[in-house]
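Shown next, in structure tokens, is the structure this report addresses.
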Amino acid sequence: MSAATGTAMKPLDVLESEARAAGLAPMWRRPGMRGQPESRCAPQSWSYAAIRSLLLRAAPHMSHAECERRVLILENAAMSGTWSMSPTLFAGVQLLLPGEVAPVHRHSQAALRFAFEGNGAHAAIDGERLPIEPGDLLVTPRWAWHDHGHDGQDPALWLDVLDVPLVATLDAEFREWGGDERQQLSSPPGTSEAMFGQGMLPTGGIDAALTDGRYLKRYAYTRSRAAVMQLMSAGELDPWRGVKLQYIDPRSGGAVLPTIAAHLQALPGGMVTRPLKSTETSLLVVTEGEVRASLGGRSYLLGLHDMLLVPSWTELRLEAVRQSFVFSVSNAPLLKAVGLWREAQG
Ligand code: GTQ
């Protein structure tokens with residue numbers, strides 16, 4: 001351009017274009033490092049009623065035979081086209097009709113499911129069949145074979161949360177289909193809960209063989225709800241959280257998955273939490289009651305099964321319009337593993 005217009009290029013411009021041609025970028029052109037996180041995802045709420053209605057309308061046109069899983073993805077408005085809820089997490093709501101089968105497969109993305117409605121659905125994970133009843137949490141670690149079925153009468157809907165965007169960023173995506181539609185069962189029902197779900201762990205020299213593919217796969221809502229309910233009734237309230245318990249993998253005492261943590265929270269009617277922000281990105285799901293959330297200066301009213309995405313470093317306060325229970329997931333384990341987890345209590 002300079003030659004055409006007769007204006008001489010400045011020496012630095014010449015150098016920079018030479019640098020770019022050599023595959024180099026001048027860092028002096030880059031904005032400085034940020035003083036604090038500015039998330040690529042934005043606060044967003046999703047109406048369960050809207051998702052449910054769309055899935056039921058989609059079902060006659062989209063059988064499980066035609067799609068891998070019948071899911072509507074919670075795609076963040078600030079990340080349009082990425083199929084992502086946040087830079088590390090994928091979330092979607094899945095519909096399985098009575099008699100349908102979501103065929104067996106496995107993938108390098110880790111998954112968990114939180115059931116919304118429908119009795120009689122079940123998962124098979126690593127050779128064990130588990131019920132999926134409303135409020136249950138099911139864990140499907142990386143590379144675990146899994147399929148889903150439904151022997152009940154009403155549609156089954158649940159939330160799927162996977163670390164899909166993280167695994168894509170790390171260029172580590174693998175997926176395999178099983179030979180048959182359903183996997184062969186190798187453990188009687190209740191095995192993993194007896195081994196890991198009673199505050200006890202298997203012992204003995206055959207540990208490894210005994211526990212291969214076995215871990216706590218299902219956290220029944222009756223038990224997790226009773227736990228937070230009891231603590232709430234006893235007044236064990238944290239001003240920032242009410243009662244908030246984390247689901248743990250009893251083998252490690254840590255989160256249920258290396259990249260995804262899950263929690264259940266109880267708030268007595270009328271409680272307003274003190275403001276809190278952290279570097280974790282969370283998705284909240286109201287499982288009972290009604291919650292008004294103040295997030296990043298905006299207010300959201302969340303009814304049954306409505307969901308709210310809380311980006312990194314965005315201040316959150318919750319007000320329980322009446323006694324409420326909130327399930328949540330977050331990417332906290334990942335941040336903690338690399339020393340990036342931070343929290344500021346207001
Ligand atoms: O049920 O295995 O929402 O593989 C997305 C990908 C669910 C599943 C999703 C999956 C699944």
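Counting starts at 1 for both ligands and their atoms, following the listed order.
In this structure, Y219 and Y247 have perpendicular ring planes: the angle between them is above 60°, well past the 30° mark.
Under the side-chain hydrogen bond (donor to acceptor under 3.5 Å, both in side chains) test applied with N331, the options D163, T88, T259 reduce to a single match, T88.
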Side-chain donor-acceptor distances from residues 33-41 under 3.5 Å, at least two apart:
residue, atom, partner, partner atom, Å
S39, OG, C41, N, 3.0
S39, OG, C41, O, 3.2

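For residues 273-306, the ring pair (Phe, Tyr, Trp, His ring centres under 6.0 Å) pairs, not counting sequence neighbours, are Y48-H305, F116-H305.
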One pair per line, please: each N/O atom of ligand 1 matched with every protein N/O atom under 3.5 Å away, atom names first, then the distance to 0.1 Å.
residue, atom, partner, partner atom, Å
ligand 1, 1 (O), R69, NE, 2.9
ligand 1, 1 (O), Q94, NE2, 3.4
ligand 1, 1 (O), R113, NH1, 3.1
ligand 1, 2 (O), R69, NE, 3.3
ligand 1, 2 (O), H105, NE2, 2.8
ligand 1, 2 (O), H146, NE2, 2.8
ligand 1, 3 (O), D160, OD2, 2.8
ligand 1, 4 (O), H105, NE2, 3.1
ligand 1, 4 (O), H107, NE2, 2.9

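Outside the 6.0 Å centre-distance limit, the rings of H148 and H64 are not counted as a close aromatic pair.
Under the ring-ring contact (aromatic ring centres under 6.0 Å, His included) criterion, F114 pairs with F327, not counting sequence neighbours.
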